[in-house]
Amino acid sequence: ATYQHYESQAARSSFNSQDESMELTAGHALGFVVMASCSLTILFVFKIYNMVKIMYAFGCSGAMTQVLFFPLWDRIAAKLGLRRKLYRTAFNAGQEFGPVTYLDLLAGLSGYGLGLAWLITAFYFVHSEEKAFFWIVQDIMGSCMCILFLSIIKLNSIRVAAILLIIAFFYDIFFVFVTPLLTKGGKSIMITVATSGGPPKADPSWCEKYPRDNDCRGGDPLPMLLTVPRLFDYQGGSSLLGLGDIVLPGLLLSFAARFDEAKKLVGLIQTGNTAEIYPRSYNCLTVCCRSLCSGGYLIPVTVAYAVGLCMANLAVYLMQMGQPALLYLVPCCLGTMSFLGWKKGELKELWDGPNAIRNADALLYGEYDYDAQDDGGGERFVEGDAAEEHFPPTIAQMPPKGDADASAPSSLSGGDPLEVVTTAASDGAKASGTSNGRSTAPRKRGSKGGSGSLV
């Protein structure tokens with residue numbers, strides 16, 4: 001009973017995560033690039049690099065709490081049999097945050113404690129990026145931030161992805177290659193900000209003796225990137241990759257993964273094979289294997305991202321200067337996705353927004369509308385405040401295709417999106433797929449009548 005309670009909490013959390021996600025639009029894409037340009041210019045002019053470190057440390061501490069430490073301590077508690085104790089409420093933080101459990105406190109203390117230790121290291125040591133603790137924790141924080149970003153922000157068409165990536169493509173080129181022609185001293189705004197003001201002005205031998213001299217300061221990379229020291233390079237230095245070069249193409253990769261899985265889900269529902277929808281072992285490797293075996297988009301676009309990244313690193317060594325990674329990543333990723341869509345005859349659907357993704361979202365999360373009533377006296381619900389009390393039906397509860405009305409046309413892979421309808425049972429009897437006196441069945445938008453089956 002205890003584990004069923006935890007599984008119910010996990011399922012409810014998964015359902016509520018749909019409310020926390022945000023679909024990116026063309027307006028968001030334009031606003032994102034404008035804000036990034038303004039922020040980069042402000043940092044270049046006012047040189048407030050230390051403020052960035054403080055804001056980054058606290059922002060990424062929250063990301064580490066959610067992405068890393070909460071699941072970690074939850075798993076440890078399960079192994080030690082302490083889950084029941086850690087899930088007890090420590091205090092109530094009001095209506096906005098709700099009850100805070102001991103597990104929340106433990107994860108928060110771990111995340112913000114590690115972030116504070118990183119921040120102290122950043123200000124105490126000269127050239128702190130040379131300390132293994134500093135750059136390892138920085139990469140962990142950046143990775144958690146990217147994971148959290150991609151779990152909240154999503155794309156539902158490559159039209160928005162094309163707008164965002166093409167604008168970011170020219171944004172990267174402008175701030176790396178064009179700004180040296182517009183600034184005093186021929187400084188690149190992007191490279192100057194990324195290295196906290198550029199390399200030190202003093203001679204390296206002087207800085208080796210007097211590292212705290214003012215002319216020896218600079219060259220420390222800002223934390224808004226992943227960094228790995230060049231271990232086998234006698235000149236030292238680090239290889240840098242901005243977080244924007246990860247999350248922007250990552251939006252396209254996550255869209256490709258969602259499209260592949262949505263088509264797989266729709267196909268399983270059409271065949272009535274609901275047992276394969278929630279496999280026992282469902283992880284990143286499962287998704288990749290599914291995409292590879294079904295000829296999906298995820299694996300080719302991922303390979304294209306790796307090729308673009310290798311091209312960017314090769315250009316750095318050949319040209320001996322920093323390169324805008326999006327210059328190579330955008331053509332590789334967006335070009336691969338567009339070519340595959342054209343080859344499969346799905347480019348228009350990808351551009352407008354695949355119906356398979358909308359149908360999969362409706363099946364998994366439900367669309368509820370409390371204001372509408374069907375002819376059978378039941379209620380229709382869309383995501384809202386009452387979603388906590390009226391849980392959507394799971395895919396496993398849906399009837400197989402053989403039990404459905406054979407005359408009903410199938411519209412899962414195209415046409416109008418589905419909506420999940422719950423109809424009050426008149427006699428209180430529970431049939432297959434019923435819950436709390438309600439029979440659950442997805443129904444085509446706008447259809448009339450009582451409880452139906454998958455169409």
Would you verify whether the NZ or CZ of K344 falls within 45 degrees of the ring axis of Y297 while also being under 6.0 Å from that six-membered ring's centre?
yes
Axial cation check for F259 ring with K263, 6.0 Å and 45° limits:
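Ring-cation test returns yes.
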Donor-acceptor contact present, side-chain T336 to main-chain A304, <3.5 Å
no
Whether S157 side chain and G353 backbone form a donor-acceptor pair below 3.5 Å
no
Here the gap from I163 atom CD1 to F32 atom CZ, rounded to the nearest 0.5 Å, amounts to 14.5 Å
Roughly how far apart are L350 CG and S338 OG, rounded to 0.5 Å?
8.0 Å
If you draw a 6.0 Å radius around [atom1] in [X], do more than 12 non-hydrogen atoms from other residues or ligands fall strictly inside?
X    : atom1 : result
F46  : CZ    : no
F133 : CZ    : yes
W135 : CH2   : yes

Residues which pass side chain to side chain contact (heavy atoms under 4.5 Å, CB included) with L181, listed by chain and number, not counting sequence neighbours:
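By the side chain to side chain contact (heavy atoms under 4.5 Å, CB included) rule, L181 matches no residue at all.
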Among residues two or more places apart or on two chains, list those pairs meeting salt bridge (Lys or Arg N to Asp or Glu O under 4.0 Å) that have a residue in residues 50-74.
D74-R83
Compare all side-chain heavy atoms of L119 with those of F123 and state whether any distance is below 4.5 angstrom.
yes
Y171 and ring-ring contact (aromatic ring centres under 6.0 Å, His included): which single residue from F174, F169, F175 fits?
F175
Between D352 and K348, is a salt bridge (charged side-chain N to carboxylate O under 4.0 Å, His left out) present by the stated rule, with each step listed?
CA-CA 6 Å; D352 296 331; K348 187 178 186 303; 2.9 Å; yes
If only side-chain N and O atoms count, and only distance matters, is there a donor-acceptor pair under 3.5 Å linking R258 with N156?
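Yes.
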